[in-house]
Amino acid sequence: MSVRTRFAPSPTGYLHIGGARTALFSWLYARKHNGKFVLRIEDTDAERSTDESTRAILDGMEWLGLKHDEGPFYQSKRSGIYKAEIEKLISGGHLYRCYCTTEELTARREAARIKGLPPKYDGRCRTRTDAPEGVPYALRFRVPEGSVIFKDIIKGSIKIQNLEIEDMILLRSDETPTYNFCVVVDDATMNISHVIRGDDHISNTAKQILIYNALGYEIPVFAHLPMILGADKTRLSKRHGATSVIAYKAQGFLPHALVNYLARLGWSHGDQEIFSIDELIELFSFDNVGVAAGVFSPEKLLWLNAHYIKESTDSTLAPLLLPFLAELGVKDIKADHRLEVIVSTLKERAKTLKEMAQSALFYFLSSVEYEEKPEKKFLTEEKLPVFTYLKAELEKLEPFNVESIEAIFTALMEKLDLKLGKVAQPVRVALTGGTVSPGIFETIEAMGKEMVISRLNAAITLIENR
RNA sequence: GUCCCCAUCGUCUAGUGGCCAAGGACACCGCCCUUUCACGGCGGCGACGGGGGUUCGACUCCCCCUGGGGACGCCA
């Protein structure tokens, strides 16, 4: 049997972390077994589904590199198929008309809950034989006696008594089909071999198996992934910070970092932490997927992101940094030949691209903005000789690189009998405005002769006019 | 409330009855490197929820308790 997996989000919001991991595992499994990965948009709820959400989900998937082989299929465009299957169920005697209104149902459910009774449908229309004219009705599934037992490749065998399952509505009174029914019809007709989803769907799986049976479909393999929780161990939600995949992109994360993180949240391969995409495909197996829910750790994601930034080449990083610089007001610098060198000075110390842009800002400002304390401490009259010497020497320096710059400093230190620490820090302040930057020689090289000279001049002028 | 799932360091996890006085990673704390900040290196802190079994032997198997999570819609 060929492997066919699917990711079936409902377009009622962005692609979130949990959905992304489900998509990732489904994608990995399909890739690993040379199967197909199908994307299906579950938009049967016309009220809540939006095109923007669909777009956002597609964008998120693309950014993560999770390409689908088939689709996207839209449930809203498959009503003909659902209709035919509903007819089959009707003739098989599996459905009955329910004339209860939403209001009545909600009220009864509440009442049951208060009394401590199971808040499920009481089945009052089950045996109804009349057919009132002009009264809207929904079609409910007649749950048979017995129990559902299914094997989950992650959790093992799961058994649920049919008594626990209510007669669910498959066709609304407006004649649109509902989720549990559509999923079954779609997974069956799309020949999905492995249904991979969050374990919050386990109770749905029992309902769906009943429908599979009623329709005579073959039952697929189920894999219910454990939930992803927030730091407080409750289901991950907005309260826990960013949950949208695209928000991570906006914060300067690399897709590979997020993929690697998500893969290791719930799955493992011995002690290995770093995985290339190809390794993930090669090594992925449900045998190594954990059964317990896991807490999402932004710190570890950050660590992985820093790792992948360090691993990236300057030329791949440079263009990725542009939008983050633009956000800080630095625009039209595509042609700045210094960009890659600048990236090389920063990538050892940035955890995100956003942070890197922030640290790179001083390279692009037309004039330095000194921080108050460093300015007072380091831009002093006593340091004037250092600045004037460097200005004179660097101005005529050729080639202008780390080695030649270091040589100038060595000579300066000898001449003035100063240690590097006494020289580097004042220069750093003069050039960057602050006390934190990459190595001073690297910084000077990356900044470029022109800007270095003008900033030394600015410092000299400032001191002399004080 | 009912049903389902789950339970190793703060967190992600390795561990599939003896290899475990429980290993790795993130975080945290030291030290080293060092022109600042980082990176890096070295070291430290730190866990099998409790109780019963089974067994020559349980982190590993079974049961109970406790604790957590999830599901109970004409949402998906």
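The model shown is predicted, which means the values in this text are computed figures rather than measured ones. Just so it is clear: chains get the letters A, B, ... in the order the sequence lines come, proteins before strands, and each one is counted from 1.
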Can a side chain N or O of A:R109 be found less than 4.0 Å away from OP1 or OP2 on B:rC74? yes
For B:rA25, which nucleotide in any strand shown is its Watson-Crick or wobble partner with both distances under 3.5 Å? B:rU11
Does this structure show an ion pair linking A:E85 with A:K83, if we count only N-O contacts that are shorter than 4.0 Å? no
Against A:Y121, only a single residue in A:M168, A:R126, A:R109, A:R108 fulfils side chain to side chain contact (heavy atoms under 4.5 Å, CB included); can you say which? A:R108
When the C1' atoms of B:rG24 and B:rA47 are compared, how many Å lie between them, rounded to an integer? 14 Å
Pull out every residue in residues 166-175 of chain A that has a heavy atom closer than 4.0 Å to any atom of RNA chain B, ordered by number, or say none. A:E166, A:I169, A:R172, A:S173
Looking only at the side chains, is there a donor atom on one of A:Y179 and A:N204 sitting less than 3.5 Å from an acceptor on the other? no
Between A:R172 and A:T176, is any side-chain donor less than 3.5 angstrom from a side-chain acceptor? yes
Does A:R21 or A:K159 map to a spot on RNA chain B nearer the 5' end, using the closest nucleotide for each? A:K159
Checking contacts here: which listed nucleotide (B:rC4, B:rA76, B:rG70) is nearest the side-chain heavy atoms of A:I160? B:rC4
Re B:rU34: Watson-Crick or G-U wobble partner, both distances kept under 3.5 Å, found to be none
Please give the distance between the C1' atoms of B:rC9 and B:rC26 as a whole number of Å. 12 Å
Report yes if at least one side-chain N or O of A:T102 is closer than 4.0 Å to OP1 or OP2 of B:rC74; otherwise report no. no
Rounded distance (Å) that lies between atom P of B:rC74 and atom OH of A:Y137: 17 Å
Does A:K120 put a side-chain nitrogen or oxygen below 4.0 Å from OP1 or OP2 of B:rC3? no
Using whole Å, what does the distance between atom C1' of nucleotide B:rC37 and atom OH of A:Y363 come to? 12 Å
Could you identify which residues of residues 143-154 of chain A place a heavy atom less than 4.0 Å from some atom of RNA chain B, listed by residue number, or say none? none
Which value, in whole Å, describes the distance between the C1' atoms of nucleotides B:rG69 and B:rC37? 42 Å
Out of B:rC6, B:rG23, B:rG69, which has the shortest distance to the side chain of A:V291? B:rC6
Taking the chi torsion of B:rC39, is it syn (within 90° of 0) or anti (everything else)? syn
Could you tell me whether the side chain of A:T234 and the main chain of A:G230 form a donor-acceptor pair under 3.5 Å? no
Quick check: do A:P426 and A:F387 have side-chain heavy atoms less than 4.5 Å from each other? yes
A:T50-A:R55 side chain donor-acceptor pair, cut-off 3.5 Å: no
Complementary nucleotide of B:rC45, counting Watson-Crick and G-U pairs under 3.5 Å: none
Ring centroid separation A:F7 to A:F37 under 6.0 Å: no
Using ring centroids (six-membered ring only for Trp), state whether A:W267 and A:F275 fall under 6.0 Å. yes
Considering only B:rC12, B:rC37, B:rA27, which nucleotide approaches the side chain of A:W303 most closely? B:rA27
Expressed as a whole number of Å, how far does the P atom of B:rA27 sit from that of B:rC65? 40 Å
Report the nucleotide, chosen from B:rC74, B:rU36, B:rC26, that has the shortest atom-to-atom distance to any side-chain atom of A:E299. B:rC26
Please tell me if A:T178 has a side-chain N or O lying less than 4.0 Å from either OP1 or OP2 of B:rA76. no
Looking only at B:rC74, B:rA71, B:rG68, the nucleotide nearest the A:K233 side chain is B:rG68
Distance between the C1' atoms of B:rC63 and B:rA21, in whole angstroms? 29 Å
Integer angstrom distance from the P of B:rA14 to that of B:rG46: 23 Å
Gap between atoms CD and C1', on A:E273 and B:rA27 respectively (whole Å): 13 Å
Between A:W267 and A:L420, which residue's closest nucleotide on RNA chain B lies nearer the 5′ terminus? A:W267
Return a table of donor-acceptor pairs under 3.5 angstrom between the side chains of residues 12-26 of chain A and protein atoms on other chains or two or more places apart.
unit_1, atom_1, unit_2, atom_2, d
A:T12, OG1, A:S10, OG, 3.3
A:Y14, OH, A:T243, OG1, 2.9
A:H16, ND1, A:G18, N, 3.2
A:H16, ND1, A:G19, N, 3.2
A:R21, NH1, A:L265, O, 2.7
A:R21, NH2, A:P226, O, 2.3
A:T22, OG1, A:G18, O, 3.1
A:S26, OG, A:T22, O, 2.7

Partner of B:rC59 under the Watson-Crick or G-U wobble criteria, both distances under 3.5 Å, comes out as none
Which whole-number value in Å describes the distance from A:Q358 CD to B:rA38 C1'? 16 Å
A:I342 CD1 to A:E445 CD distance, which is reported to the nearest 0.5 Å: 11.0 Å
Using Watson-Crick or G-U wobble geometry with both distances under 3.5 Å, which nucleotide pairs with B:rC3? B:rG70
Please give, in whole Å, the distance from B:rG70 C1' to A:D199 CG? 6 Å
Starting from P on B:rG40, measure out to NZ on A:K310 and report it in whole angstrom. 4 Å
Per atom distances to the A:L229 side chain, the nearest of B:rC37, B:rG69, B:rG1 is B:rG69
Assess whether one donor atom and one acceptor atom, taken from the side chain of A:R349 and the base of B:rC39, lie less than 3.5 Å apart. no
No-H, no-angle donor-acceptor pair, A:N204 side chain to B:rA76 base, under 3.5 Å: yes
A:R140 side chain, from C-beta outward: closest of B:rC74, B:rC39, B:rC4: B:rC74
Between A:R235 (CZ) and B:rG70 (P), how many Å, whole number? 7 Å
A:R6/A:D187 ion pair, N-O < 4.0 Å: yes
Atom-to-atom span, CZ of A:F275 to C1' of B:rU13 - whole angstrom: 11 Å
Give a yes/no verdict on a cation-pi contact between A:R338 and A:Y363, requiring under 6.0 Å between NZ or CZ and the six-membered ring centre and an angle within 45° of the axis. no
Looking only at the side chain of A:E348 (C-beta and beyond, no hydrogens), which of the listed nucleotides B:rC5, B:rC39, B:rA25 gets closest? B:rC39
